[in-house]
Amino acid sequence: MSISSYGVLDRQTTNTERWVTFAALFLFGFTASCNLFKASPVMTVIGGDLGLDAGGLGLIMTFYSIAALVMAFPGALVMRKIGVKAMVVISCAIMVCGTAISAFSSDSGMFLAGRAVEGIAYGLICVCGPNILPRLFPRKQMGLAVGIWSQWIPCGTIIAFFTAPLVFEATGNWQGIWFVTLALGIVALILLIALVKMPQKNRTKSLPATRRSSQSLVSSSSLPLLLCASSSLSGCSSMS
């Protein structure tokens with residue numbers, strides 16, 4: 001069995017399997033979004049601990065942003081080669097590694113390297129998510145699925161901004177925030193491995209032209225999504 005067949009069934013998925021797969025993907029995206037903005041509320045604390053000046057504080061967000069933007073472009077091509085499940089599992093594993101690197105970092109270089117690794121995973125899920133939905137859901141469920149999927153960035157952003165200070169106060173250090181998101185990432189990785197199922201590949205070969213065009217539309221929408229997210233975090237960097 002080739003890696004591209006990993007997680008692909010020899011039948012169509014049931015409605016339960018589709019939504020369970022979606023839930024695992026959403027948790028991955030949500031955690032990636034939390035990773036993006038978790039640093040903002042405690043940025044000055046991180047800078048003081050790791051010896052970052054005002055310019056260095058901006059790099060905390062910039063490293064994440066650049067890595068995400070660069071990796072988004074080849075992401076869809078890689079997914080076509082290795083398959084959906086392998087792609088999301090590898091992407092989540094990359095996110096977990098990046099979070100762990102930053103959490104256990106002892107200097108600013110190691111911390112920023114971990115942020116860049118986290119950003120790679122963010123860029124990949126920004127591209128992979130919209131490309132997965134048309135294959136996973138029938139047309140009658142696409143509106144609901146896309147509507148819910150579009151909330152992973154706002155949900156992660158809001159929850160990160162509100163909970164990061166609480167976790168910092170409870171643990172007394174910024175690393176506690178990273179350990180929380182590390183745990184979320186590990187849970188997401190386990191769920192992706194255990195629950196993600198994709199329908200048989202020949203489902204997309206006989207799609208009508210209207211369905212294929214809608215699939216292309218969703219695919220092309222991933223770049224504006226990533227650019228909007230990148231511009232928002234750039235704004236956060238400039239404010240810091």
Side-chain angles (χ1 to χ4, degrees), residues 3-38 68 72 75-76 79 82-99 118 120-164 167 179-201 203-204 214-215 218-219 221-222 225-226 229:
I3 188 172
S4 61
S5 300
Y6 176 49
V8 178
L9 304 176
D10 57 359
R11 57 175 175 80
Q12 298 304 312
T13 51
T14 65
N15 189 57
T16 299
E17 288 171 336
R18 285 193 292 267
W19 285 107
V20 166
T21 295
F22 179 87
L25 292 170
F26 190 90
L27 179 60
F28 173 23
F30 167 80
T31 306
S33 182
C34 286
N35 284 334
L36 172 59
F37 290 102
K38 66 187 177 185
M79 186 176 69
I82 68 174
V84 169
K85 183 165 183 176
M87 184 66 174
V88 295
V89 168
I90 292 171
S91 300
C92 191
I94 291 172
M95 181 182 71
V96 169
C97 290
T99 304
E118 284 182 318
I120 291 173
Y122 184 86
L124 293 176
I125 189 60
C126 275
V127 172
C128 294
N131 281 276
I132 292 170
L133 298 184
R135 180 176 170 188
L136 186 61
F137 289 97
R139 184 166 53 184
K140 65 181 181 180
Q141 292 182 322
M142 274 295 294
L144 178 60
V146 172
I148 298 174
W149 176 257
S150 66
Q151 300 305 307
W152 66 274
I153 292 180
C155 289
T157 301
I158 293 171
I159 291 178
F161 271 124
F162 278 97
T163 60
V167 175
F179 288 135
V180 171
T181 56
L182 179 61
L184 278 175
I186 292 172
V187 171
L189 180 59
I190 293 172
L191 292 179
L192 289 171
I193 295 172
L195 301 179
V196 168
K197 296 180 176 65
M198 299 301 296
Q200 57 186 0
K201 290 185 177 181
R203 180 181 180 182
T204 58
S214 67
Q215 182 169 341
V218 174
S219 175
S221 69
S222 57
L225 174 67
L226 181 63

Do [X] and [Y] make a side-chain contact, defined as non-hydrogen atoms from C-beta onward lying under 4.5 Å apart?
| X | Y | result |
| --- | --- | --- |
| V187 | L27 | yes |
| L25 | W149 | yes |
| N35 | Y122 | no |
| V196 | V20 | no |
| P199 | R11 | no |
| T99 | K38 | yes |
| L182 | V96 | yes |
| M79 | I132 | yes |

Yes or no on side-chain contact (heavy atoms from CB on, under 4.5 Å) for L192 and K85, after CA distance, side-chain angles and deciding distance? CA-CA 8 Å; L192 289 171; K85 183 165 183 176; over 6 Å; no

Closest heavy-atom contact between P130 and C126?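 What the structure gives for the nearest pair is CD-O, 3.1 Å.
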
Rounded to the nearest 0.5 Å, how far apart are [atom1] of [X] and [atom2] of [Y]?
| X | Y | atom1 | atom2 | value |
| --- | --- | --- | --- | --- |
| M95 | T181 | CE | OG1 | 8.0 Å |
| I186 | C92 | CD1 | SG | 9.5 Å |
| S33 | I125 | OG | CD1 | 11.5 Å |
| W152 | F30 | CH2 | CZ | 11.5 Å |
| I148 | L144 | CD1 | CG | 4.0 Å |
| I90 | I120 | CD1 | CD1 | 12.5 Å |

side-chain contact (heavy atoms from CB on, under 4.5 Å), that's the test. Do V89 and L189 meet it? Break it down for me. CA-CA 6 Å; V89 168; L189 180 59; 4.0 Å; yes

Between E17 (side chain) and T14 (backbone), is there a donor-acceptor pair under 3.5 Å?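 Looks like yes, one N/O pair under 3.5 Å.
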
Has the side chain of K197 got a donor or acceptor atom that lies under 3.5 Å from a matching backbone atom of L9?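 Here the side-chain-to-backbone pair does not exist.
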
Which residues share a side chain to side chain donor-acceptor pair (under 3.5 Å) with S91, sequence neighbours left out: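 Scan of S91 (side chain to side chain donor-acceptor pair (under 3.5 Å), adjacent residues dropped) gives none.
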
With Q141 via side chain to side chain donor-acceptor pair (under 3.5 Å) - residues at least two apart: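 Once residues adjacent in sequence are excluded, the partners of Q141 under the side chain to side chain donor-acceptor pair (under 3.5 Å) criterion are N15, R18.
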
Pair T13-M198, side-chain contact (heavy atoms from CB on, under 4.5 Å): steps then yes or no: CA-CA 7 Å; T13 51; M198 299 301 296; 5.8 Å; no

Excluding sequence neighbours, so at least two apart, what forms ring-ring contact (aromatic ring centres under 6.0 Å, His included) with F22?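 Applying ring-ring contact (aromatic ring centres under 6.0 Å, His included) to F22 gives W19, F137.
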
Could you go step by step and tell me if F28 and L191 meet the side-chain contact (heavy atoms from CB on, under 4.5 Å) rule? CA-CA 9 Å; F28 173 23; L191 292 179; over 6 Å; no

